[in-house]
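Single-structure report; data block below.
Treat the numbers as computed from the prediction; the structure is a model and nothing was measured. When a ligand or atom number is given, it counts from 1 through the structure's own listing order.
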Amino acid sequence: MRLFEIVAGLLTTVLVAFAFASPRTAVEPPGQVPVKEFSVEARRFEFVPNRLEVNQGDHVKVTIHSADGTHGFEIKQFGIKEKAKRGGEPVTVEFDATRPGTFEIKCSEYCGRGHSHMTGTLVVNAATEGARR
Ligand code: CUA
């Protein structure tokens, strides 16, 4: 019986220590939020790169410039819709990757026959307790 009590006591201690060692808070102090920056080229009929991967909680900054005509850059779920005008002048969109998942990036300006195929992917990896960087 003694042994059982000791083991149970140890287990409780370990569990309590673990709970304190890995706080559930996913919020970092101001100024400590990781910023992920991307530079994307929009051209008939693709985004280069066409896959952006970030972690939940990141602040995301995407600079887009067109290599030919006018294109759009839209991520509906994050309220992003911006035009990359011909001439290559860059535009920057910023948002917080608040929710995890895979989201479609779309060209939101008609740019020719391949317009509807001009898509990309935003991957937001779910924040995992204690393992977030
Ligand atoms: Cu690019 Cu529509």
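- Applying the side chain to side chain contact (heavy atoms under 4.5 Å, CB included) rule to Phe103 yields the partners Ile75, Gln77, Phe78, Arg99, Leu122, Val124; only residues at least two apart in sequence or on another chain are considered.
- Take Thr119 and apply the side chain to side chain contact (heavy atoms under 4.5 Å, CB included) test, not counting sequence neighbours, and it matches Glu104, Lys106.
- At a threshold of 4.0 Å, the pair Lys36-Asp58 counts as salt-bridged, since one of the basic side-chain nitrogens sits closer than that to a carboxylate oxygen.
- Note: His117 and Phe45 fail the aromatic proximity criterion, with ring centroids not under 6.0 Å apart.
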Validation: residues 84-98 side-chain donor-acceptor distances under 3.5 Å, sequence neighbours left out:
residue, atom, partner, partner atom, Å
Thr92, OG1, Thr63, OG1, 3.2
Glu94, OE1, His59, NE2, 2.6
Asp96, OD1, His59, ND1, 2.7

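- At distances below 3.5 Å, not a single donor-acceptor pair connects side-chain atoms of Glu74 with backbone N or O atoms of Lys81.
- Less than 2.8 Å away from atom 1 (Cu) of ligand 1, the protein contributes these N/O/S atoms: His71 ND1, Cys107 SG, Cys111 SG, Met118 SD.
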